[in-house]
Amino acid sequence: MHKITYNDKSYSCEKDETILDVFLRNGVEIPFSCRGGICHVCLLRATDGDIPGESQKGLKQHLINLNYLKACKCVPEGDLNLSPTRSEDMLISAVVAQKEMITPSVCRLLLEPATHIKYHSGQFINLKNSDGDMRSYSLA
């Protein structure tokens, strides 16, 4: 049995149990959605311990370098200390290169991100302005 520490509390991890399952069993609330490793909603950051490679498959290299893992895919091989995601690790800068009103209530923005963004049809991004306000937008 391994010990999972999150927000200064420790939890026991049963054999072949994911971190998400440990948290759900113990009433620990973390964001999650697909439970299959696709959506990346359940990302956590390891501050100590060995991260199983399977729990980082599909993550961008900068998130791997920062010790992020998918709680739904992580079956610990030892004790782990975890912390929530940091917003500064999840955000990238972009400039609005073009703004076009399609209808009175629909606007098309052309963004020029500081780094390449990989996405699939149907996904969305959250845009945060300089005032800290954040909204979700569909990508096309």
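In this text the structure is predicted, and so the values were computed from the model without any measurement.
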Could you pull out the closest heavy-atom pair between [X] and [Y], with the gap in Å?
X	Y	value
Ser12	Met1	CB-SD, 3.5 Å
Pro84	Arg45	O-CB, 4.3 Å
Leu44	Ala71	CD1-CB, 3.9 Å
Pro76	Ile19	CG-CG1, 3.9 Å
Ala97	Glu112	CB-OE2, 3.4 Å
Ser33	Cys39	CB-SG, 3.6 Å

For atom [atom1] of [X], is the number of surrounding heavy atoms from other residues, nucleotides or ligands below 6.0 Å larger than 12?
X	atom1	answer
Glu29	CD	no
Met101	CE	yes
Asp8	CG	no
Asn26	CG	yes

request  = Output yes when Asp89 and Lys60 qualify as a salt bridge under the 4.0 Å nitrogen-oxygen rule, no when they do not.
outcome  =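 The answer is no: the pair does not qualify as a salt bridge.
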Salt bridge Glu54-Lys70, side-chain N to carboxylate O under 4.0 Å =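 Salt bridge between Glu54 and Lys70, a charged N being under 4.0 Å from a carboxylate O: no.
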Interatomic spacing from [atom1] in [X] to [atom2] in [Y] - rounded to 0.5 Å:
X	Y	atom1	atom2	result
Cys42	Leu69	SG	CG	8.0 Å
Cys13	Lys3	SG	NZ	13.0 Å
Arg108	Tyr137	CZ	OH	15.5 Å
Ile51	Ile64	CD1	CD1	9.5 Å
Lys128	Ile92	NZ	CD1	14.0 Å
His2	Ser10	NE2	OG	14.0 Å

Audit row: Leu82, Ile4, side chain to side chain contact (heavy atoms under 4.5 Å, CB included) steps and yes/no = CA-CA 7 Å; Leu82 302 170; Ile4 308 303; 3.7 Å; yes
State, with a plain yes or no, whether a side-chain heavy atom of [X] is found less than 4.5 Å away from one of [Y].
X	Y	result
Leu80	Cys74	yes
Val95	Leu111	no
Lys99	Leu110	no
Leu59	Leu43	yes

ask   = Under a single-linkage definition using a 4.5 Å side-chain heavy-atom cutoff for Ile, Leu, Val, Met, Phe, Trp and Tyr, are Val41 and Tyr68 assigned to the same hydrophobic cluster?
value = no
message = Check for me, please, whether Leu139 and Leu109 land in the same ILVMFWY cluster - side-chain distances under 4.5 Å, paths through other members count.
response =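 Same cluster: Leu139 reaches Leu109 through Ile, Leu, Val, Met, Phe, Trp or Tyr contacts under 4.5 Å.
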inquiry  = Holding to side chain to side chain donor-acceptor pair (under 3.5 Å), I want the full list of residues that pass it with Gln56, two or more places apart in sequence or in another chain.
reply    = none
ask   = Can you check side chain to side chain contact (heavy atoms under 4.5 Å, CB included) on Thr85 and Met90, steps first, answer last?
value = CA-CA 8 Å; Thr85 59; Met90 301 296 136; 3.9 Å; yes
key: Result of checking Thr47, Asn81, Ile30 against Tyr6 for side chain to side chain contact (heavy atoms under 4.5 Å, CB included)   = Ile30
Whether Asp133 side chain and Asn129 backbone form a donor-acceptor pair below 3.5 Å = no
